[in-house]
Engineer: 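Attaching a single structure in structure tokens format; questions to follow.
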Amino acid sequence: MSRPLNMDTLRQNFWKEQYLREKVLRCEWHRKYGSTVKAKQKAKTAAHVPLKLPTLPPKAPLSPLPTPKAVPSKAPSPALEAPIQPEMYPVPPATRALLYEGISHDFQGRYRYLNTRKLDMPERRYLFPITTNFTYGWQLGPPVKQELVSCKMCRIESFFRKNGAFALLDPQDLAL
């Protein structure tokens with residue numbers, strides 16, 4: 001919705017005069033006080049001492065501690081240096097090749113790669129559920145197409161819980 005334009009020549013002349021008055025007032029103020037403000041700013045910057053951090057003396061390199069030669073060297077324990085386990089399975093080469101074919105703007109390249117990766121089930125992409133939300137979709141299998149029941153009341157009765165929101169769930173209602 002546009003704003004009503006209540007401008008006639010009288011109002012336009014009023015605003016033009018107000019604008020010119022403010023402009024002249026600013027110019028007068030700048031002519032009168034501008035030099036003193038610049039002088040104050042220069043004095044302030046001259047008085048400002050820049051912060052200088054102290055320089056640290058160079059550290060002498062630490063000499064390695066002498067190790068006793070009688071003790072055989074131990075291999076690093078596996079508990080300290082555990083190998084980093086990847087979260088995902090490696091991407092198949094055919095799917096990876098989609099990255100380098102075309103650009104996303106043309107629905108190819110990264111766009112097509114991500115869409116094909118999205119179609120894979122989580123069990124085929126990840127080694128294990130990373131977050132607790134993964135457990136909801138883990139090992140569900142392909143979606144099963146169910147026919148809609150034609151009766152409206154049948155749909156309502158099957159959709160809502162019969163025992164309330166805080167009742168214990170029926171094992172048949174759980175996906176896992």
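Residue numbers start at 1 and run along the sequence shown.
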Engineer: Please report the interatomic distance NZ(K32) to SG(C27), rounded to the nearest 0.5 Å.
Structural biologist: 14.5 Å

Engineer: Which side-chain N or O atoms in residues 101-116 pair as donor and acceptor under 3.5 Å with protein atoms at least two apart or in another chain?
Structural biologist:
from : atom 1 : to   : atom 2 : distance (Å)
S104 : OG     : Y111 : N      : 3.3
N115 : OD1    : K118 : NZ     : 3.4
T116 : OG1    : R112 : O      : 3.1
T116 : OG1    : Y113 : O      : 2.8

Engineer: Of all heavy-atom pairs between E87 and I130, which one has the smallest distance, and what is that distance?
Structural biologist: OE1-CD1, 3.5 Å

Engineer: Return the CG to OH distance between L98 and Y100, rounded to the nearest 0.5 Å.
Structural biologist: 11.0 Å

Engineer: Go through the structure and list residues passing side-chain hydrogen bond (donor to acceptor under 3.5 Å, both in side chains) with R21, not counting sequence neighbours.
Structural biologist: E17, Q18

Engineer: Only counting residues at least two apart or in another chain, list the ones meeting salt bridge (Lys or Arg N to Asp or Glu O under 4.0 Å) with R31.
Structural biologist: E28

Engineer: May I ask you to check whether over 12 heavy atoms, not counting those of F128, lie within 6.0 Å of atom CZ?
Structural biologist: yes

Engineer: Tell me whether the centres of the aromatic rings in F134 and Y126 are closer together than 6.0 Å.
Structural biologist: yes

Engineer: Looking only at heavy atoms, which two atoms of R125 and R117 are closest? And how far apart?
Structural biologist: CD-O, 3.3 Å

Engineer: Would you indicate whether the side-chain heavy atoms of Y89 and D120 approach each other to under 4.5 Å?
Structural biologist: no

Engineer: Between W15 and L20, is the side-chain contact (heavy atoms from CB on, under 4.5 Å) condition met? List the steps.
Structural biologist: CA-CA 9 Å; W15 285 113; L20 288 174; over 6 Å; no

